[in-house]
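Structure record follows, encoded as structure tokens.
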Amino acid sequence: MSNNNSSSNVARYFDTMDYGPAPESDTDAREWLTRHAEGFGHFIDGRFTPASEGAHFDTAEPATGQRLAGIAQGSAKDVDAAVAAARAAQPGWFALGGHGRARHLYALARMVQRHARLLAVVEALDNGKPIRETRDLDVPLAARHFYHHAGWAQLQEREFADQVPLGVVGQIIPWNFPLLMLAWKIAPALALGNTVVLKPAEFTSLSALLFAELAAQAGLPRGVLNVVTGDGATGAALVAHEGVDKIAFTGSTEVGRLIRTATAGTGKSLTLELGGKSPFIVFDDADIDAAVEGVVDAIWFNQGQVCCAGSRLLLQEGIAEEFIARLKRRMQTLRVGPPLDKAIDMGSLIDPTQLERVRSLVATGVREGASCYQAPGALPPGGSFFPPTLLTGVQPASTVATEEIFGPVLVTMTFRTPDEAVALANNTRYGLAASVWSETIGLALGIAPQLQAGVVWVNATNLFDAGVGFGGYRESGYGREGGREGCYEYLKPRAWAQRKPRADVDAVAVVAANEAADAKDETPLALPVIDRTAKLFIGGKQVRPDGELSSSVFAANGQRAGEVGTGNRKDIRNAVAAARSAASWSSATPHRRAQALYYLAENLSARAGEFAARIASLTGVAAKAAQAEVDASVSRLFAYGAWADKYEGTVHVPPLRGVALATVEAIGVVGVVCPDEAPLLSFVSLLAPNLAMGNRTVIVPGEKHALVATDFYQVLETSDLPGGVVNIVTGPAASLVRTLAEHDDVDALWVFGDKALSRDAERLSVGNLKRTLVDHGLATDWSDPVSGEGPAFLRHATQVKNIWIPYGE
């Protein structure tokens, strides 16, 4: 009888999931906090140091509102001390060599594992998330990042022989994954020879301070890792510091824009991992129960405070009603409770401000017509708890469908066809992640490339690994973290690191070329008579400029060589529209693009004499030097023709049953502004990698020698490039850079020229957070294939999408 009762009780518990609390001990964490009862200082140059101005603030437990510790408020002086320590340590840290750094990274990984429970408890207390998430995901994945990047340190001299570290890296991390984001940022930076100043989130500084303390105990050299705590003003001081070579930021899109503006023109490298509004697409042939569990993980993991949370549920109409019914039943079993309870599903939101934001947005959704369902059950008293929430009947343009809520709120919409699913999924200004659920793998893999997101999970969600890049498109930021692609974010080409400020390029080119030329080539070539005004080239056609204005181009001897059209804002608008309409080029096969580049080279070679004469007359270089520039341009077209079908993605093998396909994708429409030096070769060197990778371009030639580029559109006319793939707009670089930077339908902008142009390109591109490649007024040796050609340009011409494909049942 008792056995039957026991069996029925067990069955009841499995059916109801109604079981008691299972609290995790916080004794060790509280003892650590007690040792710092007088408050934490900053961690600078290997030790805790008091705040220079003596200011502190309290950090509290989100689940209770009770004080945890006093945290130092960083000032500009504190940031300056941390940067100075990092700068002093960086040469020695890099000189230690890859193997030496690998040993330190390995020690950090083992350190995280040895103190895993302490780190997990501190993280749960400080952040409010469930202990089972910090214990089972955050801490193990943090250790995995240090192990993985220890390997890259060991292999650096061989795998990144043409790259050098950036130097001192300022890193600003958010409060939703404090320890994990620390590992994502610190591990690659240190592995590749940089030193770090880390600014943790104001709400969640404790795990960073604990990590720094443990790292010092593990033998990490002084000054290699520095932690400065504080609010947004501390982060702003770090961003503005002249001694910082790179800023790596994870956080909101709004703050990302401020950082992009603040770093514009400073020469700082920048990566941004920002917000998201990720779609969770379920087709009618999906395993519904598996997809329901996927939804639970996608939106209620970490209380929905996840940048890549699957917050938009898109259901095919045939299964929508049944799916919502099953999802509501599953929501009834979710438990909200204290974060140290190992039996809960959700903990607390980060603070009352975030709680009020979530409440307000849900109320807005209901006012706009959505129906609200919330999981039943009492919430714990105190703290910032919010129940799992489902909003149905949501329209694509509603506030809750377009704005990042950053809370446990799921909105749902329906679709009929795969094309409609893609349209709904891409109906967002973000582009961080997406999930696709279908038992037809061909359908899922057909949808994935169409989604404008940096990560796509197939029949899964929220999969992460140190060996697989993570990052977004569009207003979700740019740059990648993890894997080989993430390593490049902390390196720069050795050849580019050696560039010098641009001098008087005309004078330098004339002197250098004439010194190298044979005496017989020093006779000036006859200037051909030009009795026409070169037009713009838009949509595959020669067109007159909208403003009906022209400007003169002068030869090296001071005589007027001809006139070119003066493009304006409307001409750029027309060129961008033509480029956008040529989207088929991005989906063309790499072989097709390679053939087009070879054909351009063939046509240019056939007119080599004409182009050499034009270059010589405009720049004043000797005939031999002009011919060498044409020959180098033909060679460069061939080189990128070769790269077109060889610069490919890879297959990552993360530690799970599955693979991640790192696919290389075109960025889209790229604005290109060329320098004055080497007028044909620089033009081709910036155009060709974009063509090879499937981008469509709006290209502005250097002003002084623009006739070389207008001659080139006659080469384009005899090629087989579709209209709109290459658009040439001549005119003043300053105004055209501004227009391209402010245009929200331009996806990336490359600017080579004086320093002011680089500053404007970066500062004005914040509207859609377009990617930029600028030279900050540093001269590139275009004749050198190491600095003027190759994978560095191809990386900037592409973005990587990682498609996760789990195996098995």
Side-chain angles (χ1 to χ4, degrees), residues 502-532 534 537 552-564 597 600-640 672 674-688 699-719 728 730 752-753 779-789:
R502 183 175 276 102
D504 184 344
V505 295
D506 285 340
V508 171
V510 170
V511 171
N514 283 332
E515 286 179 351
D518 293 334
K520 64 180 181 179
D521 291 320
E522 293 179 355
T523 303
L525 297 175
L527 185 67
V529 176
I530 300 177
D531 58 0
R532 65 180 179 84
F537 188 71
S552 296
V553 175
F554 293 91
N557 61 10
Q559 296 182 7
R560 189 172 67 85
E563 294 181 337
V564 295
L597 283 158
L600 282 176
E602 177 187 333
N603 291 339
L604 177 59
S605 178
R607 301 179 60 184
E610 176 187 339
F611 274 90
R614 175 73 86 183
I615 292 169
S617 67
L618 291 177
T619 66
V621 300
K624 187 173 182 178
Q627 185 61 51
E629 182 175 341
V630 177
D631 293 342
S633 300
V634 172
S635 176
R636 194 133 301 165
L637 288 168
F638 257 76
Y640 284 112
V672 178
C674 301
D676 285 316
E677 72 267 16
L680 178 62
L681 183 55
S682 64
F683 178 92
V684 167
S685 297
L686 295 174
L687 172 64
I699 188 164
V700 178
E703 292 180 64
K704 291 184 179 180
H705 311 131
L707 285 171
V708 175
T710 58
D711 288 347
F712 192 83
Y713 65 55
Q714 296 170 9
V715 174
L716 293 171
E717 287 176 324
T718 58
S719 75
I728 301 173
T730 52
F752 287 70
T780 300
D781 182 357
W782 297 105
S783 64
D784 177 16
V786 176
S787 59
E789 175 191 310

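Residue numbers count from 1 along this sequence.
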Over all atoms of both residues, closest heavy-atom pair of [X] and [Y]:
{"X": "S633", "Y": "L680", "answer": "OG-CG, 3.4 Å"}
{"X": "A555", "Y": "S617", "answer": "CB-O, 3.3 Å"}
{"X": "S685", "Y": "L681", "answer": "OG-O, 2.6 Å"}
{"X": "A561", "Y": "R614", "answer": "O-NH1, 4.3 Å"}
{"X": "Q627", "Y": "A612", "answer": "OE1-CB, 3.6 Å"}
{"X": "T780", "Y": "S787", "answer": "CG2-O, 3.7 Å"}

How long is the span from the [atom1] atom in [X] to the [atom2] atom in [Y], to the nearest 0.5 Å?
{"X": "T710", "Y": "H705", "atom1": "OG1", "atom2": "NE2", "result": "12.5 Å"}
{"X": "Y640", "Y": "L600", "atom1": "OH", "atom2": "CG", "result": "14.5 Å"}
{"X": "L687", "Y": "R636", "atom1": "CG", "atom2": "CZ", "result": "12.5 Å"}
{"X": "L618", "Y": "D711", "atom1": "CG", "atom2": "CG", "result": "8.5 Å"}
{"X": "F611", "Y": "E629", "atom1": "CZ", "atom2": "CD", "result": "11.0 Å"}
{"X": "I728", "Y": "F683", "atom1": "CD1", "atom2": "CZ", "result": "4.0 Å"}

Open item on the list: With heavy-atom distances below 4.5 Å as the criterion, would you say the side chains of V684 and F712 are in contact?
Closed with: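 Yes, their side chains come closer than 4.5 Å.
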TODO: Report yes if some heavy atom in the side chain of L686 is under 4.5 Å from a heavy atom in the side chain of F752; otherwise report no.
DONE: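 They are in side-chain contact.
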TODO: Look at the side chain of S682 and the backbone N and O of C674, then say whether any donor-acceptor pair between them is shorter than 3.5 Å.
DONE: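 Such a contact is absent between S682 side chain and C674 backbone.
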Open item on the list: Looking at E703, is its backbone amide N or carbonyl O close enough to the side chain of D676 to form a donor-acceptor pair, meaning the two atoms are under 3.5 Å apart?
Closed with: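 Indeed, once roles are kept as given, a pair shorter than 3.5 Å links the two residues.
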